[in-house]
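One structure is given here, and the rest of the page talks about it.
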There are 2 protein chains.
Amino acid sequence: MTEMLKGTLEGIVLAILSLRPEYGYEITARLREMGFTDIAEGTVYALLVRIEQRGLVGVEKVPSEKGPPRKVYSLNAQGQAYLEEFWRTWSFLTERLDQLQKGGR
Amino acid sequence: MTEMLKGTLEGIVLAILSLRPEYGYEITARLREMGFTDIAEGTVYALLVRIEQRGLVGVEKVPSEKGPPRKVYSLNAQGQAYLEEFWRTWSFLTERLDQLQKGGR
DNA sequence: TGCCGCTATTCTGCGTTACTATGTACCGGT
DNA sequence: ACCGGTACATAGTAACGCAGAATAGCGGCA
């Protein structure tokens with residue numbers, strides 16, 4: 001599982017952010033909700049740093065009532081474009097694999 | 001793309017081998033046929049070595065009319081089981097991503 | 001006041017994997 | 001004797017997710 005997540009997790013997080021801006025801890029919780037129960041927190045934060053540095057998301061610091069300030073991430077235009085590219089690649093992959101799974105060539 | 005292939009390519013190759021035994025060069029050609037045009041030969045050979053060492057496939061050396069002897073790989077029982085596990089994980093992934101793509105949570 | 005527990009973020013070292021690039025070997029045709 | 005296609009192999013590099021631990025801020029409780 002962990003190996004199959006490589007590269008995909010990034011798209012998943014971007015897709016989540018395309019619905020609404022969220023912060024790291026919240027994203028992790030949402031992933032767990034979705035069934036990705038064993039994704040390490042550290043993984044998500046590292047990923048967020050990466051996509052921020054690549055300019056796919058904007059960040060806003062928001063004070064929290066319970067804990068240190070939250071870093072709220074939101075998808076920007078570049079991130080949106082990247083996400084669409086991700087979906088194209090994903091479709092390509094699923095098409096090939098569906099074909100394989102259905103035993104045919 | 002290259003990152004999304006990680007872990008997936010292994011399943012793809014096992015799926016190909018589940019249809020019929022094949023050798024490295026042939027597998028590479030088949031991948032290219034399928035549209036994975038930029039997968040390096042070295043990648044496939046390295047992967048074949050890995051799955052052989054993990055005991056997922058059997059190997060038989062077969063002389064070739066044109067070139068060095070072929071190493072023909074075939075899926076064994078353990079590989080079959082692993083492939084099924086792979087499909088389960090894959091289904092899990094596609095379900096979540098379909099949901100995300102359809103704008104839902 | 002001091003400690004615990006929860007929320008929230010960050011960092012380091014590690015293992016796995018695919019890519020690039022290169023090298024080796026064997027064969028048939030000219 | 002050479003060349004191109006067949007077939008396999010390996011060394012180095014980079015990306016990514018994981019485990020584990022550390023840090024910071026706040027509220028509640030004794």
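Note that the structure is a prediction, hence the values are computed from the model and not measured. Protein chains get the first letters and strands the later ones, always in sequence-line order, with residue 1 at the start of each. Just so you know, these numbers use all the heavy atoms, side chains as well, and skip hydrogens, waters and symmetry mates.
Across the protein-nucleic acid pair, Arg50(A) atom CZ and dA15(D) atom P stand 10 Å apart, rounded to whole Å. Rounded to whole angstrom, the span from the CZ atom of Arg32(B) across to the P atom of dA7(D) amounts to 14 Å. In this structure, Glu65(B) places its CD atom 12 Å from P of dG29(C), rounding to the nearest Å. Atom-to-atom, CE of Met1(B) to P of dT20(C) comes out at 13 Å; the value is rounded to the nearest Å. Note: CG (Leu48(A)) to C1' (dG17(D)) measures 14 Å, nearest angstrom. Straight-line distance from the NZ atom of Lys66(B) to the P atom of dG5(D): 11 Å, rounded to whole Å. Rounded to an integer number of Å, the gap from Ile27(B) CD1 to dA9(D) P is 12 Å. In this structure, Lys61(B) atom NZ and dC26(C) atom P are separated by 11 Å, rounded to whole Å.
When each of Leu47(B) and Val49(A) is assigned the nucleotide of DNA chain C with its nearest heavy atom, Val49(A) is the one assigned upstream, toward the 5' end. Each of Glu41(A) and Pro68(A) has a nearest nucleotide on DNA chain D; the 5'-most of these lies closest to Glu41(A).
Although no hydrogens or angles enter the test, the distance criterion places a donor-acceptor pair under 3.5 Å between the side chain of Arg32(A) and the main chain of Thr37(A).
Using a 4.0 Å heavy-atom cutoff across all strands shown, Gly42(B) reaches at least one base atom of the nucleic acid.
With Tyr45(B) as the aromatic partner, Arg50(B) does not meet the cation-pi criteria of under 6.0 angstrom to the ring centre and within 45 degrees of the ring axis. Geometrically, Arg96(B) engages Phe92(B) in a cation-pi contact, judged by NZ or CZ lying under 6.0 Å from the ring centre and within 45° of the ring axis.
In this structure, Tyr45(A) does not reach the dT10(C) phosphate: none of its side-chain N or O atoms is under 4.0 Å from OP1 or OP2. Between Thr43(B) and dC19(C) there is a side-chain polar atom (N or O) within less than 4.0 angstrom of OP1 or OP2. The shortest distance between the side-chain N/O atoms of Tyr23(B) and the OP1/OP2 oxygens of dA7(D) is below 4.0 Å. Regarding contacts with the backbone of dT10(C), a side-chain N or O of Lys71(A) is found under 4.0 angstrom from either OP1 or OP2. Residue Ser64(B) has a polar side-chain atom (N or O) positioned under 4.0 Å from OP1 or OP2 of dA7(D). Between Arg70(B) and the phosphate of dT6(D), there is no side-chain N or O to OP1/OP2 separation shorter than 4.0 Å.
Comparing dT20(C), dC16(D), dT16(C) by their nearest atom to the side chain of Glu10(A) picks out dC16(D). The side chain of Tyr73(B) lies closest to dA9(D), out of dT7(C), dG17(D), dA9(D).
One N or O donor and one acceptor, one from the side chain of Lys6(A) and one from the base of dC16(D), sit under 3.5 Å apart.
When all heavy atoms of Ser18(B) and Leu83(B) are compared, the closest pair comes out as CB-CD2, 3.7 Å. In terms of heavy-atom proximity, Asn76(B) sits nearest to Gly58(B) at ND2-N, 4.4 Å.
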